Amino acid sequence: MIPNGVEDEEKFLAAGIAGLQQNAFYMHRALDSNNLKDALKYSAQMLSELRTSRLSPHKYYELYMRAFDELRKLEIFFKEETKRGCSIVELYELVQHAGNILPRLYLLCTVGSVYIKSKEAPARDILKDLVEMCRGIQHPLRGLFLRSYLSQVSKDKLPDIGSEYEGDAETVVDAVEFVLQNFTEMNKLWVRMQHQGPAREKEKREKERSELRDLVGKNLHVLSQIEGIDLEMYKETVLPRILEQVVNCKDEIAQGYLMDCIIQVFPDEYHLQTLETLLGACPQLQPSVDIKMVLARLMERLSNYAALSTDVLPEFFQVEAFAKLNNAIGKVIEAQEDMPIAGVVTLYSSLLTFTLHVHPDRLDYVDQILGACVKKLSGKGKLKDSKATKQIVALLSAPLEKYKDIDTALKLSNYPHVMEHLDDATSKEMANVLVQTILKSKTCISTAEKVEALFELMKGLIRDLDENLHDELDEEDFKEEQNSVARLIQMLHNDDPEEMLKIISTVKKHILTGGPKRLPFTVPPLIFNSLKLVRRLQNQDENAPEEEASAMPKKIFQILNLIIEALSSVPVPELSLRLYLECAEAANDADLEPVAYEFFTQAYILYEEEISDSKAQVTAIHLIIGTLQRMHVFGVENRDTLTHKATGYSAKLLKKPDQCKAVYSCSHLFWVDDQDNIKDGERVLLCLKRALRIANAAQQMSNATRGSSGSVLLFIEILNKYLYFFEKGVTQITVASIQSLIELITTEMQSENTTSDPAADAFLASTLRYIQFQKDKGGAVGEKYESIKS
């Protein structure tokens with residue numbers, strides 16, 4: 001009986017080691033004096049210490065190893081004895097007279113090893129004798145270690161092909177029979193350990209047994225090293241015999257470990273050719289065996305085998321590996337009704353990895369696996385189990401990693417159905433993986449159908465599935481996610497305008513569900529991608545009838561108007577205004593006056609109703625002026641209305657300097673180089689004079705308040721506008737008006753109320769240098785400048 005107290009056990013171990021060492025000492029003395037009789041007597045007494053039942057397997061192993069070392073020395077002595085003329089046959093008989101059976105069998109195995117080496121009898125006969133004799137020990141722990149010793153001393157003396165102990169043609173069969181028999185007996189003893197002792201110590205026994213499993217597994221390793229075992233023998237004898245023992249022992253620890261051993265120690269080629277036999281044993285194992293790990297390892301080995309060389313792939317087709325594995329997994333899941341969903345997904349994930357290695361071109365296989373997984377997940381809703389979720393992510397990521405192409409994943413009809421079972425946070429992570437895969441591989445998604453499928457898969461990034469989810473997300477991470485979505489939208493493309501319009505409509509439908517936080521990220525890229533299409537149509541349809549050429553752009557602009565309108569739910573009027581102006585300019589290039597006018601109207605409404613911050617107003621008005629200046633599509637009435645509004649807005653800005661700059665910028669709306677119908681010198685002069693009045697008012701206010709040169713820069717800026725239009729040939733801008741402006745600036749700068757401003761000094765000096773440069777250059781422009789006194 002094994003003691004409960006650790007201290008007691010240590011005491012028994014110490015006593016055992018002491019007894020062993022004492023007898024070993026006398027054995028050594030006998031060996032040194034070549035006293036065979038005393039050597040056998042003390043060695044038997046030494047080995048009697050292994051008859052103890054008071055040690056746990058772990059402590060027993062320590063004692064055994066010490067005895068093992070002494071036995072190696074004894075074996076050397078026996079070899080020397082035979083060289084000195086002692087008959088090995090007599091020695092083999094002599095050791096069998098030892099009083100106790102356990103020491104007798106250890107000595108018999110030791111002498112047996114020397115006997116085989118002497119070749120005085122066939123190795124197979126001695127091995128057969130030894131393996132049978134060992135049946136005399138039926139105590140599980142003692143029997144296990146005895147047979148482990150037999151395996152250890154005999155492994156290099158098996159009658160294998162090419163071995164020095166090879167006998168007749170059937171010799172390999174004998175070697176195999178010996179190892180199998182020893183393995184079978186060892187496994188029985190190992191299993192019996194589970195049923196010894198009280199039920200309350202079951203967990204302890206399981207732990208102790210697990211520590212001893214390598215003793216049994218080494219037999220399978222020895223088998224795998226036997227050169228004479230060919231595929232035929234493995235298929236007909238070795239594997240069936242091992243599996244028979246595995247299935248019949250009905251012990252979960254033994255079954256799980258031994259199945260794993262079989263997979264690890266025998267060649268991949270053998271597994272492939274005996275797949276049916278190996279898989280046939282799986283449903284017969286105990287329900288508690290972790291069969292998913294066994295199958296996962298098998299598939300991993302086969303996958304690696306396929307990856308090493310494409311030459312072996314025909315073998316996989318020949319044996320119908322996929323069908324057999326798929327069938328086996330189905331049977332195992334069916335047999336183990338209470339298998340957790342994480343286990344089910346792990347099995348299918350392993351099968352998918354195998355399939356992607358061996359049959360990468362068979363998308364139908366991949367979809368079949370996903371379909372089988374969906375079937376098992378049906379009715380389960382979104383999974384709460386983190387292990388199962390992790391496995392589903394692995395399952396869904398595998399095709400992406402293999403094909404590096406989202407296009408392939410979109411062909412898998414069951415892919416989205418698997419994703420439906422992910423919780424919202426994981427669904428979002430998976431969507432991110434999809435987007436990053438597309439961005440990395442620069443895949444172009446080119447049909448509305450695929451875009452629809454993709455955006456369905458990406459819904460975790462496109463809309464809030466869980467209201468609390470965004471609160472937990474870091475703002476930087478959120479921006480990064482949405483920027484990735486924006487880049488993806490820019491990559492959507494099809495050369496066929498009809499299909500591209502469908503893509504735009506599909507994206508619009510999805511992004512409008514995104515909520516106010518996402519729209520500022522997702523609307524602009526869709527607008528710009530749509531405008532690319534408008535410009536492409538414009539280039540393609542130059543020779544088409546006008547009505548036909550403008551039909552599709554009009555449709556696109558209608559969609560764009562709706563999309564920008566959706567941004568009104570978000571407080572980003574500046575962004576909306578920019579987008580309206582971008583669309584107006586595109587409509588201008590497409591010669592669609594009513595459309596361009598509508599976009600400008602919307603921009604003006606936004607400016608009036610939504611943009612109240614003075615800095616934002618300044619930026620907006622300059623954008624409006626810049627865009628309007630480039631427009632050529634408007635008739636006189638529409639253009640007048642829009643320019644009148646723009647100049648009105650400019651004059652109403654909060655700060656005088658801002659008013660001044662906006663008003664003089666408006667002068668460009670009345671004189672456009674490449675448009676003869678927009679050359680109104682009177683109104684150019686009117687704008688510049690108005691700007692001068694505002695600058696003057698600003699200068700007076702400045703002088704009154706702090707006596708600075710705050711507005712002199714404005715005068716110099718206006719002077720530069722005068723020079724620009726003077727050069728362009730605006731007759732209303734005269735030399736006299738320029739001259740008086742220069743004098744005004746000089747006077748202001750010399751005024752005692754004005755403090756020195758290096759920026760203004762430099763700006764004026766630069767402007768005067770320019771006038772001088774034009775004079776020096778001569779020609780028509782030089783003549784014009786000649787009469788300006790600087």
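Keep in mind it's a predicted model, so treat the numbers as computed, not measured.
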Within the structure provided, determine whether [X] and [Y] are in side-chain contact (heavy-atom separation under 4.5 Å).
X      : Y      : answer
Arg66  : Ile17  : yes
Arg104 : Asn100 : no
Ile226 : Leu223 : yes
Phe183 : Phe178 : no
Glu206 : Ile253 : yes

With no hydrogens and no angle check, is any side-chain donor or acceptor of [X] less than 3.5 Å from a backbone partner on [Y]?
X      : Y      : value
Asn34  : Ala30  : no
His221 : Gly217 : no
Gln391 : Ser349 : no
Asn182 : Leu150 : no

Regarding [X] and [Y], do their side chains bring together a donor and an acceptor under 3.5 Å, going by distance alone?
X      : Y      : answer
Gln138 : Arg192 : yes
Gln45  : Gln22  : no
Thr110 : Tyr149 : yes
Glu300 : Thr353 : no
Glu75  : Ser113 : yes
Asp214 : Tyr257 : yes
Thr184 : Asn187 : no

Output the distance between atom [atom1] ([X]) and atom [atom2] ([Y]), rounded to the nearest 0.5 Å.
X      : Y      : atom1 : atom2 : result
Glu70  : Ser43  : CD    : OG    : 10.5 Å
Leu395 : Leu347 : CG    : CG    : 11.5 Å
Glu120 : Tyr115 : CD    : OH    : 6.5 Å
Asp129 : Leu108 : CG    : CG    : 6.5 Å

Under-4.0 Å salt bridge between [X] and [Y]:
X      : Y      : value
Glu203 : Lys207 : no
Lys59  : Glu10  : yes
Lys324 : Glu276 : yes

Considering residues, nucleotides and ligands other than [X], do more than 12 of their heavy atoms fall under 6.0 Å from its [atom1]?
X      : atom1 : value
Lys235 : NZ    : yes
Phe68  : CZ    : yes
Lys402 : NZ    : yes
Gln264 : CD    : yes

Phe316 and Tyr305 aromatic ring geometry - parallel, tilted or perpendicular at 30°/60° bounds:
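It falls in the tilted class, 30° to 60°.
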Kindly assign one of parallel, tilted or perpendicular to the pair Tyr61 and Phe145, based on the angle between their ring planes and the thresholds 30° and 60°.
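Tilted: the ring planes of Tyr61 and Phe145 meet at 30° to 60°.
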Please step through salt bridge (charged side-chain N to carboxylate O under 4.0 Å, His left out) for the pair Arg297 and Asp260, ending with a clear verdict.
CA-CA 8 Å; Arg297 283 210 178 94; Asp260 194 37; 3.2 Å; yes
Restricting to side-chain contact (heavy atoms from CB on, under 4.5 Å), what partner residues turn up for Thr355, sequence neighbours left out?
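Checked Thr355 against side-chain contact (heavy atoms from CB on, under 4.5 Å); matches are Phe322, Leu351, His359, Tyr365, Val366, Ile369.
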Would you kindly check if the NZ (Lys) or CZ (Arg) of Arg209 is within the cone defined by 45 degrees around the ring axis of Trp190 and under 6.0 Å from the six-membered ring centre?
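Yes; both conditions hold, so Arg209 lies above the ring face of Trp190.
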Test salt bridge (charged side-chain N to carboxylate O under 4.0 Å, His left out) on Glu164 and Lys119; report intermediate values, then the result.
CA-CA 9 Å; Glu164 58 181 300; Lys119 299 179 187 166; 3.0 Å; yes
